[in-house]
2 protein chains.
Amino acid sequence: MERKRSYDDGCAFAQALDLVGERWALLVVRELMFGARRFSDLKRTLPGIATNVLSQRLAGLEDAGIVQQVDLPRPARGRAYALTPWGLAFREPLRVMGAWASRNPRLAFDHPLSAAAAMLSLGSMFDAGKARGLAVAVDMRFPEGEFRVVVREGELSVEAGACGTADATVTGDQNAVLAVLYGGAAPEDVGLGVEGDEAALGRLAGAFGAPVPLVR
Amino acid sequence: MERKRSYDDGCAFAQALDLVGERWALLVVRELMFGARRFSDLKRTLPGIATNVLSQRLAGLEDAGIVQQVDLPRPARGRAYALTPWGLAFREPLRVMGAWASRNPRLAFDHPLSAAAAMLSLGSMFDAGKARGLAVAVDMRFPEGEFRVVVREGELSVEAGACGTADATVTGDQNAVLAVLYGGAAPEDVGLGVEGDEAALGRLAGAFGAPVPLVR
DNA sequence: CCGAATCCTGTCCGATACTG
DNA sequence: CAGTATCGGACAGGATTCGG
């Protein structure tokens with residue numbers, strides 16, 4: 001009675017879809033990519049997910065060895081969900097699929113997105129060629145948390161937690177940051193606060209390429 | 001009434017899941033990765049898919065601009081389904097997700113897999129470091145079709161269609177080829193016929209690394 | 001409050017039968 | 001050969017309730 005639905009396919013990719021192919025599963029993984037989150041954090045940053053579905057996905061991902069429950073460290077108390085090393089390794093597929101997705105000819109830009117989604121999109125849109133010779137560090141403070149974005153030696157690094165020694169610090173919401181970095185908007189026009197070297201934000205924007213839709 | 005279910009998420013990745021996140025959708029894309037296939041070809045190489053589901057997926061993928069209907073060329077007649085340029089660009093996400101999937105600690109090797117799945121897995125398992133200095137071309141003849149696998153200058157190329165000038169030609173089924181390339185099996189032990197330079201197959205096997213499971 | 005478990009309803013999936 | 005029609009069952013979505 002308890003048989004899980006499976007493709008029964010020897011292809012590793014298909015077997016992965018048995019684990020992460022259910023609705024919402026990969027978005028849960030996405031939200032966990034920058035560290036442990038509580039059930040209610042996930043519920044909040046995944047608008048539209050039902051509590052029972054979130055429960056089932058977390059249980060399934062835990063059973064698959066992609067997610068594990070952890071005791072929340074310092075300030076907060078209680079349990080939370082975090083990725084296992086294998087789950088964390090999904091960051092690369094997420095980046096590559098995001099890069100493919102950004103070439104969607106009908107991509108919609110008007111919907112809100114979570115801070116984790118915005119920070120991961122940086123990896124998908126990063127263009128190492130454009131970043132040649134660039135060195136810049138920007139801290140980003142969102143309602144959901146803080147992130148540090150660093151470009152150095154043609155490589156991009158995006159990690160949770162700011163450290164205060166960046167060239168600039170932006171405060172606001174993630175949609176505003178993407179409007180500045182990808183859309184060339186002025187920070188003040190989108191309600192983004194900038195401290196420090198405001199020009200650093202412009203240099204950072206130069207590291208990202210516009211997606212090239214592949215029309216039929 | 002006809003609203004398609006959507007995550008309503010600004011994240012490009014989530015929007016891609018709106019298009020290819022339904023059950024079977026990505027496996028259909030996988031099967032089309034080496035050229036146009038008819039409805040009945042897809043039905044046969046995707047054991048377990050229902051005809052109505054295949055219909056719905058093809059229609060959805062066509063509407064999304066990932067698949068297009070084509071008139072079948074020369075020998076055969078009738079219509080078939082092929083990837084658009086954007087759909088073809090999914091080969092890279094497929095490769096990277098396959099590489100991630102191959103590190104599944106519970107990966108099952110005993111299920112059969114389609115020729116397309118087997119040929120795509122080569123890309124996921126290829127190790128450019130191990131292929132340094134290697135130059136080999138092998139034609140593979142499967143019941144489902146012929147493929148040419150070439151390693152040269154540290155790069156792997158897998159394309160549909162053999163051309164007869166390879167170092168070796170193998171004839172049999174795709175599971176047998178993978179058993180030889182990944183599992184070190186002897187061709188004669190798995191029912192694989194080899195013509196030409198049999199040692200070329202051994203050299204080719206050296207270009208693929210065993211997956212490293214990431215245990216928790 | 002957090003983290004679920006439990007309804008109930010609607011949609012989607014899977015299997016088979018059937019038609020142009 | 002290439003799908004459409006149909007129907008039971010599984011799964012998702014939403015609200016409510018319940019235990020730490």
Side-chain angles (χ1 to χ4, degrees), chain A residues 1-9 14 17-28 31-32 36-64 67-82 144, chain B residues 1-9 14 17-28 31-32 36-64 67-82 144:
Chain A
M1 49 176 277
E2 256 306 319
R3 279 196 56 86
K4 272 196 80 167
R5 191 157 60 168
S6 161
Y7 290 114
D8 285 328
D9 190 317
L17 289 181
D18 285 336
L19 305 178
V20 298
E22 289 166 310
R23 194 161 164 74
W24 291 107
L26 285 181
L27 297 189
V28 171
E31 289 305 311
L32 294 176
R37 296 285 185 274
R38 319 170 158 237
F39 189 94
S40 52
D41 296 330
L42 295 170
K43 179 93 175 72
R44 192 177 333 106
T45 57
L46 292 172
I49 195 172
T51 56
N52 56 351
V53 174
L54 180 52
S55 282
Q56 290 169 29
R57 289 302 161 273
L58 287 168
L61 290 169
E62 187 175 359
D63 186 60
V67 159
Q68 58 192 340
Q69 292 197 44
V70 296
D71 288 323
L72 221 46
R74 301 261 319 304
R77 195 182 310 258
R79 281 218 302 283
Y81 298 86
E144 287 177 37
Chain B
M1 43 176 274
E2 254 308 317
R3 280 196 54 87
K4 272 197 78 168
R5 189 158 62 169
S6 160
Y7 290 115
D8 284 330
D9 190 315
L17 289 182
D18 286 336
L19 305 179
V20 298
E22 289 165 309
R23 193 161 166 72
W24 293 105
L26 285 182
L27 298 190
V28 171
E31 289 304 312
L32 293 176
R37 295 287 184 272
R38 322 170 156 234
F39 190 93
S40 52
D41 296 329
L42 295 169
K43 178 90 177 75
R44 190 176 334 107
T45 56
L46 292 172
I49 195 171
T51 56
N52 58 348
V53 173
L54 181 53
S55 280
Q56 290 168 28
R57 289 303 161 271
L58 287 168
L61 290 169
E62 188 175 358
D63 187 59
V67 159
Q68 59 191 341
Q69 292 198 42
V70 297
D71 287 324
L72 220 47
R74 299 263 321 306
R77 197 182 307 259
R79 281 215 303 282
Y81 297 88
E144 288 178 37

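In what follows, every chain begins at residue 1, and chains take the letters A, B, ... in the order their sequences are listed.
Taking CG of A/Leu61 as the reference point, atom CD of A/Gln68 lies at 12.0 Å (rounded to 0.5 Å). Residue B/Asp9 holds its CG atom at 8.0 Å from CG of A/Leu46, rounded to the nearest 0.5 Å. Note that the CD atom of B/Glu144 and the CD atom of B/Glu31 stand 6.5 Å from one another [nearest 0.5 Å]. We find the OG1-CG distance between A/Thr45 and A/Leu27 to be 9.5 Å, quoted to the nearest 0.5 Å.
Take B/Ala82 and apply the side chain to side chain contact (heavy atoms under 4.5 Å, CB included) test, not counting sequence neighbours, and it matches B/Ala36, B/Val70.
The phosphate of C/dC12 has neither OP1 nor OP2 within less than 4.0 Å of any side-chain N or O from B/Gln56. Using a 4.0 Å cut-off, some side-chain N or O of A/Arg23 falls inside it from OP1 or OP2 of D/dG13. Dashed line: the shortest gap from a side-chain N or O of B/Arg57 to OP1 or OP2 of C/dC13 is under 4.0 Å.
Here the closest heavy-atom approach between residue B/Val28 and residue B/Leu54 is recorded as CG2-CD1, 4.0 Å.
The separation between B/Leu54 atom CG and C/dC12 atom P is 17 Å, rounded to whole Å. We find that CZ of A/Arg5 is positioned 11 Å from C1' of D/dA12, with the value rounded to whole Å. Put simply, CD1 on B/Ile49 is 13 Å from C1' on D/dG3, counting in whole angstrom units. In this entry the distance linking CH2 of B/Trp24 with P of D/dC11 reads 15 Å, nearest Å. When the P atom of D/dA2 is taken as reference, atom CG of B/Asp71 falls 12 Å away, rounded to whole Å. The nearest whole Å value for the distance from the CG atom in A/Leu58 to the C1' atom in C/dG3 is 10 Å. Atom CG in A/Leu46 sits roughly 11 Å away from atom P in D/dG13 (whole-Å rounding). Atoms CG (A/Asp8) and P (C/dC13) sit 18 Å apart, rounded to a whole Å.
DNA chain C is contacted by both A/Ala80 and A/Tyr7; A/Ala80 maps to the nucleotide lying nearer its 5′ end (nearest heavy atom per residue).
At least one side-chain heavy atom of B/Asp71 sits less than 4.5 Å from a side-chain heavy atom of B/Arg79. Contact annotation: the side chain of B/Leu58 approaches that of B/Leu42 to within less than 4.5 Å [non-hydrogen atoms, C-beta and beyond].
B/Gly48 comes within 4.0 angstrom of the backbone, heavy atoms only, and of no base. Contact annotation for A/Ser55: backbone-only contact, meaning every heavy-atom pair under 4.0 Å involves sugar-phosphate atoms and none involves a base.
Within residues 36-45 of chain B, no residue has any heavy atom closer than 4.0 Å to DNA chain C.
Cation-pi geometry between A/Arg23 and B/Tyr7 is met: the NZ or CZ atom falls under 6.0 Å from the ring centre, inside 45° of the normal.
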Polar atom pairs (N or O), protein with nucleotides 15-17 of chain D, under 3.5 Å:
none

